[in-house]
Student: 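Quick one: the structure is below, questions incoming.
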Amino acid sequence: MYEHTYPTERFRRTVEFVKKHLPLSETILDLGVPNPLSQILQQNGYTVFNTGGEDLDNDRSALQNRTGAVTAFEIFEHLLNPFTVLTEISADKIFISVPLRLWFATAYRSKTDPWDRHYHEFEDWQLDWLLEKTGWKIIDRQKWAHPVGKFGIRPLLRKFTNRYYMIYAEKIKPTA
């Protein structure tokens, strides 16, 4: 097994969560361009394909790439229409992580990159409901805080307020 020093606690938790539910023999379609997390999954023995950076709100053709699972780590908050994306995924398994909406912080919006903004800041029940409405059954979930090494009220709140929400879900098979 490949031993890896993870650059962030989020990466460590994410890889452990995927390993818990997905055998190495499964291939993964990771929504988004190649990134440090998809590379870490590859270093841990998974075969990972990435989408090409296309706007998934407009071009969902990559979702038909037949793989064992889809990963969408920190992606759905950037989409205007995650409902359509979830309905068009051809894989039977999905791993999703999203930053949770924080009552003490506004939605993220980059001042320099027009694509780097959050259209959705989910509460856990909202993502659960979205998955239910699009034909997915949640098998496992996990939440955790994201402490930062700064001083102040917000950094203090980040020490004990859950910031990330991760789900493993399987597509519900229609009954005959």
Student: Sub-3.5 Å donor-acceptor pair from the side chain of T14 to the main-chain atoms of R10, do we have one?
Tutor: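 Judged by distance alone, yes, a pair lies under 3.5 Å.
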Student: Is D55 close to N58 at the side-chain level, that is, under 4.5 Å between some pair of heavy atoms?
Tutor: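 Yes, close enough: below the 4.5 Å cut-off.
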Student: If you apply the rule side chain to side chain contact (heavy atoms under 4.5 Å, CB included), what do you find for I139 with K137, and how did you get there?
Tutor: CA-CA 6 Å; I139 306 299; K137 178 182 178 189; 4.3 Å; yes
Student: Which atom names give the shortest non-hydrogen contact between V85 and L56, and what distance separates them?
Tutor: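 Of all heavy-atom pairs spanning V85 and L56, the closest is CG2-O, 3.7 Å.
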Student: Where do T51 and E54 come nearest, in terms of heavy atoms and distance?
Tutor: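 Scanning both residues, the minimum pair turns out to be CB-OE2, 3.6 Å.
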Student: Enter the distance from F11:CZ to Q39:CD here, rounded to the nearest 0.5 Å.
Tutor: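 It is 9.5 Å, given to the nearest 0.5 Å.
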Student: Give a yes or no answer on whether the side chain of W136 reaches the backbone of I94 with a donor-acceptor pair at less than 3.5 Å.
Tutor: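 Between the backbone of I94 and the side chain of W136 there is no qualifying donor-acceptor contact (under 3.5 Å).
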Student: Does a side chain donor of either Q42 or T47 reach within less than 3.5 Å of an acceptor in the other side chain?
Tutor: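 Note: Q42 and T47 side chains miss the donor-acceptor criterion.
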Student: Taking E88 first and then R60, would you say they form a salt bridge - that is, a charged N and a carboxylate O separated by under 4.0 Å?
Tutor: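 Yes, charged N to carboxylate O under 4.0 Å.
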Student: Is the shortest side-chain heavy-atom distance between L127 and I167 below 4.5 Å?
Tutor: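 Yes, close enough: below the 4.5 Å cut-off.
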Student: Any donor and acceptor pair, going by atom type alone, linking the side chain of Q64 with main-chain N or O of S61 inside 3.5 Å?
Tutor: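 Answer holds: no.
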Student: Side-chain heavy atoms under 4.5 angstrom apart, residues restricted to Ile, Leu, Val, Met, Phe, Trp, Tyr: same cluster for L131 and F83?
Tutor: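 Yes, L131 connects to F83 through the hydrophobic network.
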Student: Write down the atom of D140, the atom of F17, and the distance for their closest heavy-atom approach.
Tutor: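 So the minimum-distance heavy-atom pair works out to OD2-CE1, 3.5 Å.
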Student: Do the side chains of L29 and I89 get nearer than 4.5 Å, heavy atoms only?
Tutor: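 Sidechains of L29 and I89: no contact.
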Student: Enter the distance from K133:NZ to T87:OG1 here, rounded to the nearest 0.5 Å.
Tutor: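 Reported to 0.5 Å precision, the distance equals 12.0 Å.
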Student: Does NZ or CZ of R141 come closer than 6.0 Å to the centre of the six-membered ring of Y165, within 45° of the ring's axis?
Tutor: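 Not flagged: R141 not positioned over aromatic ring of Y165.
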Student: Quick one: does D57's side chain have a donor or acceptor within less than 3.5 Å of a partner on L79's backbone?
Tutor: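 No.
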Student: Under the side chain to side chain contact (heavy atoms under 4.5 Å, CB included) rule, what do D124 and K143 come out as? Steps first, then yes or no, please.
Tutor: CA-CA 9 Å; D124 56 358; K143 292 186 218 176; 2.4 Å; yes
Student: Run the side chain to side chain contact (heavy atoms under 4.5 Å, CB included) check on V18 and L41 step by step: do they pass?
Tutor: CA-CA 9 Å; V18 171; L41 285 169; 4.2 Å; yes
Student: Considering non-hydrogen atoms only, spot the tightest contact between N44 and L24 and give its length.
Tutor: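 Minimum heavy-atom separation between N44 and L24: O-CD2, 3.3 Å.
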Student: Do F49 and I28 have side chains that get closer than 4.5 Å, going by heavy atoms?
Tutor: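 They are not in contact (no side-chain heavy atoms under 4.5 Å apart), so the answer is no.
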Student: Which heavy atom of M166 sits nearest to which heavy atom of F73, and what is that distance?
Tutor: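 Shortest heavy-atom separation between M166 and F73 comes out as SD-CE2, 4.4 Å.
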Student: Is there a side-chain contact between I96 and L86 in this structure, where contact means two heavy atoms from C-beta onward sitting under 4.5 Å apart?
Tutor: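 Yes; the side chains approach each other to less than 4.5 Å.
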Student: Which pair of heavy atoms, one from N50 and one from V33, lies closest together, and at what distance?
Tutor: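 Smallest heavy-atom distance, with atoms named: ND2-O, 3.3 Å.
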Student: Under the criterion side chain to side chain contact (heavy atoms under 4.5 Å, CB included), I'd like the reasoning laid out for L63 against L31: C-alpha separation, chi angles, the key distance, then a yes or no.
Tutor: CA-CA 8 Å; L63 302 177; L31 303 186; 3.6 Å; yes
Student: Using the rule that two of Ile, Leu, Val, Met, Phe, Trp, Tyr join whenever any of their side-chain heavy atoms come within less than 4.5 Å, decide whether V98 and W129 are in one cluster.
Tutor: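 No, V98 and W129 fall in different hydrophobic clusters.
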Student: Taking E9 first and then R13, would you say they form a salt bridge - that is, a charged N and a carboxylate O separated by under 4.0 Å?
Tutor: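 Yes, E9 and R13 are salt-bridged.
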Student: Would you call the rings of H21 and F95 parallel, tilted or perpendicular, taking 30° and 60° as the class edges?
Tutor: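 Taking F95 first and then H21, their aromatic rings sit tilted (interplane angle of 30° to 60°).
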Student: Are any of the side-chain heavy atoms of Y168 and K20 separated by less than 4.5 Å?
Tutor: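 When only atoms from C-beta onward are counted, K20 and Y168 do not touch, as no gap falls below 4.5 Å.
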Student: So, R66 and D92, do they make that salt bridge, N to O below 4.0 Å?
Tutor: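 Looking at R66 and D92, the cut-off is met.
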Student: So K93 and V70, do their side chains get closer than 4.5 Å, heavy atoms only?
Tutor: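 Of all side-chain heavy-atom pairs linking K93 with V70, none is under 4.5 Å.
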Student: Could you tell me whether a side-chain N or O of Y46 sits under 3.5 Å from a main-chain N or O of S38, the two making a donor and an acceptor?
Tutor: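 Checked: no pair found.
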